[in-house]
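These notes are about the structure you will find just below.
Note that ligands are numbered from 1 as they come in the structure, with each ligand's atoms numbered from 1 the same way. In this text, all values refer to a predicted model and were calculated from it rather than measured experimentally.
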Amino acid sequence: MTEIQPRVFPADFLWGAATSSYQIEGAAREDGRTPSIWDTFSHTPGKVLGGDTGDVAVDHYHRFRDDIELMHGLGLRSYRFSVSWSRVQPTGRGPAVQRGLDFYRELVDGLLEKGIAPCLTLFHWDLPQELEDAGGWPARETAERFADYALLVGEALGDRVGMWATHNEPFCASFLGYGSGVHAPGRTEPESVLKAAHHLNLSHGLAVKALRTVLPRGAQIGITWNPVVARPYSDSPEDADAARRIDALQTRIFSDPVLHGAYPEDLKRDTARVSDWSFVQDGDEATIHQPLDWVGINYYTPAVVSAAQDGDPTEGADGHGQSEHSPWVGSHDLVRFHNVPGERTEMGWLIDPTGLTELLLRYSREAPGLPLYITENGGAFEDKADEAGMVQDSDRIAYLHGHLGAVHTAIEQGADVRGYFLWSLLDNFEWAYGYSKRFGMVHVDFETLKRTPKASAHWYSEVIAAGQLPA
Ligand code: GCO
């Protein structure tokens, strides 16, 4: 009989949890904050389930000290959050609002006091509405404004934040925001998607350059992607090609210019009907190709794809590469996403931890020497709170156990994985799904805003303390 060995993680492994500004902060109109595209979108009837908005969210803006206590109680070593651009630079241009910067300074100081390392993301989709009115991400100027904003935040917080990310999932910001339109700003313009993707990439390069001028040496700058794990439905060459197309369109469109300094040729070919890519100017790819200190991977589920047959139905839409895309950019109408049998989360996403191992090994081969983090992983489940607000979420525990096991496997096989951020610390505003989907390890009563750690939070806390997975 083989004995089951405990799966031990490296001693300095960074155990964390993640959130984002619009999903938790609330205080949408306080202290000089102006609307972002998500304020506008959520207030547009029909865009978000139940008409939910982030006006109050889980009121983290006022309760951040309690939330830090909560993190400390659970033993988190790191906290990944994002800055609301329109809170620190209301019009997306010009000087910063001191009160906005002070909020993040107080948050960071509170974390540091408890020994929790802050990991700051500059952009998690809440573009100032004024910049959208001027064209949004399809407009090149937005990339320049983003670099200015990065500089303001870098100057203000560089002395206390060690880990920086430019973007979170630029795929969602471009493809869901300007293609399928299921996310803010809700536009459905095929060529704008590609322009948005390019300007997000460009803004990343410009922001990294700007941050390097103000951050202390040793600051760790990276970016977070949600690369698709595209699996062919059958062994046919047509299905392999469908997987290639989706990989180019959803993953390599971001990772190739950043890691290798050039857009993939197959992507340009596949999308030639939509655009000639003349929006890529000389020198842009070199600007995007900045040296990085880490890369963050968000993983939830794989995608199973085949070549579309005439008459295939076009399926619905959301963020993580499942059957989600109406035909808008060159490839998506040639590819069919399949719902293969298997266990799923409340989002309908197939549970398959092997995809996470696969991605980590992929990037360790593709970018040798670049430290990797899982910047998001987690699941929405049908959490039922008892009267005390306690949730016995054994399905979430199983999900986390499986995926942390997959991380461990990748490390064993040589991937340089430095940390894991569970999505999410708190139940929160799940974008187009409003408050109907709960991803938190901490339950939030959306009426009273009371926080109660779920069973999964206690489980995770024990994993952190032990530095290993239970057998
Ligand atoms: C995402 C986002 C999160 C989502 C989570 C679940 O990066 O897609 O970062 O904001 O809430 O992924 O859909």
Any N/O of Glu169 closer than 3.5 Å to an N/O of ligand 1?
yes
Does an N or O from Trp125, backbone or side chain, lie closer than 3.5 Å to an N or O of ligand 1?
no
Can you confirm, on distance only, whether ligand 1 has an N/O atom lying under 3.5 Å from any N/O atom belonging to Trp423?
yes
Hey, which atoms in ligand 1 end up nearer than 4.0 Å to a heavy atom of Asn298?
7 (O)
Cation-pi between Arg33 and Phe103: NZ/CZ under 6.0 Å from ring centre and within 45° of the ring axis?
no
Contact atoms of ligand 1, heavy-atom distance to Phe439 under 4.0 Å
6 (C), 13 (O)
Mark the output for His124 as yes if a heavy-atom distance to ligand 1 is under 4.0 Å, and as no if none is.
yes
Closest to atom 5 (C) of ligand 1 (heavy atoms only, candidates Tyr300, Tyr299, Tyr22) is Tyr300
Just to verify, which of Asp386, Asp395, Asp383 counts as forming a salt bridge (Lys or Arg N to Asp or Glu O under 4.0 Å) with Lys454?
Asp383
Can you name the salt bridge (Lys or Arg N to Asp or Glu O under 4.0 Å) partners of Glu382, sequence neighbours left out?
Lys384
Examine the side chains of Asp67 and Tyr79 and answer whether a donor and an acceptor come within less than 3.5 Å of each other.
no
Taking the six-membered ring for Trp, are His338 and Tyr233 parallel (under 30°), tilted (30 to 60°) or perpendicular (over 60°)?
parallel
Any heavy atom of Trp349 sitting closer than 4.0 Å to ligand 1?
yes
